[in-house]
Amino acid sequence: MNKVAANLAVSETATTIDALVTPALLLDRGRLERNIQGLAERARKLGVVLRPHMKTAKSIDVARYAFHREPGPITVSTIAEAEYFAGHGFRDMTYAVGISPASAIRALELCRRTGIELKLLLDTVEQADVLAGVRQAIGVTPSVFIELDCDDHRGGLKPDDPKLLEVANRVVEAGANLVGVLAHAGESYTLSTRDALVKAAENERSASLRAAETLRAHGHACPIISLGSTPTAHFAENIEGITELRAGVYMFFDLVQHGVGVCAIDDIAVSVLATVIGAKPEKGWVLVDAGWMALSRDRGTANQQIDQGYGVVCDEKGRVLEDVIVAQASQEHGILAIRAGSGKSMPELPLGSRVRILPNHACAMAAQHDFYNVVNGDSPRIEARWERMRGW
């Protein structure tokens, strides 16, 4: 048995975290449940459909916590995710990435093969023309959202762009079903006050409504108005006219969301377990066996009020070690140090001791691993091992 297979076998049979080969991805079930229930209850009070985004979790076991009965509506970020969740009984999905010719073919082939509805996203007449050819070749009528740009964050059309009607008309001419408009308030990730987040949520809502009203005035029904970002989903005060919310990282949360003001540190449900492998006392460093291959290179907190390095460090039970961060990361090494300007001293972390490292970006950290080791609170017991899907 090679070393990789041997390490995997050890982790598969481990019943407590001290038996895990590190670095290892941990998922706190109690925090996961609390986070999922929190946004589900908020959506119920707002009277909108919640369409969870599975790009963070990429796991049927996590998805089952979001839907206690039959599988419900979800959002996916890759066609591979759509194929995976279709194989687990999910029938109503939105692929929230603009289509290419290749992805359109795979998406409609999946619809033809399984009978699911996979709503697609576009913002150009060229994409609508691609769909026309694919629809004719495969014999499946696609359902389509027009992507909106509500805050100059990424792709999509402005609500008052004359191309909005041109694209909508071409979608219908292509023989597709125009189901509505979809927006993502990505700039909300750069904010940090309640007033700013409430304003961003209202801008997302009002921009989407303006676009829908334009389409409806020209004969397009536009039944679905879909908004999506974890910050705006949590801070929207007025949701009138909106039919669904999309969010994904809320299931796990992370340090970026904490910096925005969406969650507390104690809400963060994922971490990487690492082992101390050395120290350089003269530099105030402790070395662990989790580098950017385990934590990701994401430095999303660097532009926030508090820079968390490559992650906040906790002890083995998940208790935050005050002002200890992963200050540097190479491929397989993490360097723990006291945050600059803190005045604190590095706690005793002898060789072989374990720490948990909280993510800047939960999606990116989880993507480095093949499965979750499910724990609950500070208990060392591993309750389950949940596999993650990967690929595109």
Side-chain angles (χ1 to χ4, degrees), residues 1 4-40 52-72 74 76 80-81 83-90 247-254 263 265-275 289-290 294-296 311 314-319 354-359 361-391:
M1 182 181 292
V4 172
N7 287 347
L8 182 60
V10 170
S11 291
E12 284 181 335
T13 58
T15 58
T16 58
I17 62 174
D18 61 319
L20 288 172
V21 174
T22 57
L25 183 64
L26 305 182
L27 173 57
D28 188 310
R29 179 179 55 79
R31 294 182 181 188
L32 171 71
E33 290 178 342
R34 187 171 73 234
N35 296 341
I36 286 174
Q37 291 169 3
L39 190 56
H53 206 318
M54 292 300 161
K55 68 176 183 176
T56 304
K58 293 181 183 280
S59 164
I60 183 58
D61 296 290
V62 175
R64 286 172 176 149
Y65 269 80
F67 300 100
H68 297 296
R69 299 181 181 86
E70 295 298 316
I74 60 171
V76 296
E81 281 177 51
E83 293 165 342
Y84 169 80
F85 284 107
H88 287 283
F90 284 80
V249 75
Y250 78 96
M251 296 181 185
F252 295 167
F253 284 127
D254 54 30
C263 70
I265 288 284
D266 287 344
D267 294 323
I268 300 175
V270 286
S271 60
V272 162
L273 183 72
T275 301
D289 61 354
L295 307 176
S296 89
C314 305
D315 67 13
E316 190 172 15
K317 292 182 177 292
R319 298 172 296 202
R354 301 288 184 99
V355 295
R356 299 188 192 187
I357 301 168
L358 302 179
H361 186 179
C363 310
M365 174 184 276
Q368 308 299 109
H369 302 265
D370 291 319
F371 57 89
Y372 302 100
N373 295 285
V374 182
V375 296
N376 195 14
D378 62 6
S379 170
R381 187 171 76 88
I382 299 171
E383 298 185 345
R385 178 180 180 273
W386 293 349
E387 292 187 353
R388 303 180 71 260
M389 63 80 54
R390 304 179 81 172

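Because only heavy atoms are used, hydrogens play no part in the values below, and waters and symmetry mates are left out as well, while side chains stay in.
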Tell me every residue that passes side chain to side chain donor-acceptor pair (under 3.5 Å) with Asp315, counting only those two or more places apart in sequence or in another chain.
Arg319
Minimum heavy-atom separation for Ala290 and Val272, please, with both atom names.
CB-CG1, 4.2 Å
Shortest non-hydrogen pair, His53 vs Val76, comes out as CE1-C, 3.5 Å
One should read off an interatomic distance between Glu316 CD and Thr275 OG1, to the nearest 0.5 angstrom, of 8.5 Å
Does Thr22 reach the side chain of Arg354, with side-chain heavy atoms less than 4.5 Å apart?
yes
Note, Val374 side chain near Asp61 side chain (heavy atom, < 4.5 Å)
no
Euclidean distance, Asn35 CG relative to Met251 CE, rounded to 0.5 Å
10.0 Å
If you take all heavy atoms of Ile357 and Gly311, which pair is closest and at what distance?
CG2-CA, 4.0 Å
So, the side chain of Arg31 versus the backbone of Ile268: is there a donor-acceptor pair under 3.5 Å, distance only?
yes
Is there a side-chain contact (heavy atoms from CB on, under 4.5 Å) between Leu26 and Leu20? Walk through the geometry before answering.
CA-CA 10 Å; Leu26 305 182; Leu20 288 172; 3.9 Å; yes
I need the minimum non-hydrogen distance between Gly72 and Phe90, along with the two atoms involved.
O-CD2, 3.3 Å
Do His88 and Arg64 make a side-chain contact, defined as non-hydrogen atoms from C-beta onward lying under 4.5 Å apart?
yes
Give a yes-or-no answer on whether the side chains of Arg381 and Thr16 include a donor-acceptor pair shorter than 3.5 Å.
no
For the atom pair CH2 (Trp386) and CG (Leu25), what is the distance rounded to the nearest 0.5 Å?
12.0 Å
Just jot down the salt bridge (Lys or Arg N to Asp or Glu O under 4.0 Å) partners of Asp18, sequence neighbours excluded, or say none.
none
Residue pair Ala80 / Gly391: nearest heavy atoms and the distance that separates them
CB-O, 3.7 Å
Is there a side-chain contact between Tyr84 and Ile60 (heavy atoms, below 4.5 Å)?
yes
Any residue meeting salt bridge (Lys or Arg N to Asp or Glu O under 4.0 Å) with Arg29, in chain and number order, not counting sequence neighbours
Glu33, Glu383
Donor-acceptor pair, Asp28 side chain versus Gly377 backbone, under 3.5 Å?
yes
Result of checking Arg388, Arg390, Glu387 against Asp370 for side-chain contact (heavy atoms from CB on, under 4.5 Å):
Arg390
Give me the atom names and distance for the closest heavy-atom approach of Glu81 to Lys58.
OE2-NZ, 2.6 Å
Parallel, tilted or perpendicular, as decided by the 30° and 60° cut-offs, for the rings of Tyr372 and Phe252:
perpendicular
With rounding to the nearest 0.5 angstrom, report the CG to CG distance, Asp267 to Leu358.
11.5 Å
Main-chain N/O of Ala362 paired to Asp254 side chain as donor or acceptor, under 3.5 Å
yes
Is it true that a side-chain atom of Arg356 and a backbone atom of Leu273 form a donor plus acceptor pair closer than 3.5 Å?
no
Spacing of CG belonging to Leu32 relative to OH belonging to Tyr65, to within rounding of 0.5 Å
7.0 Å
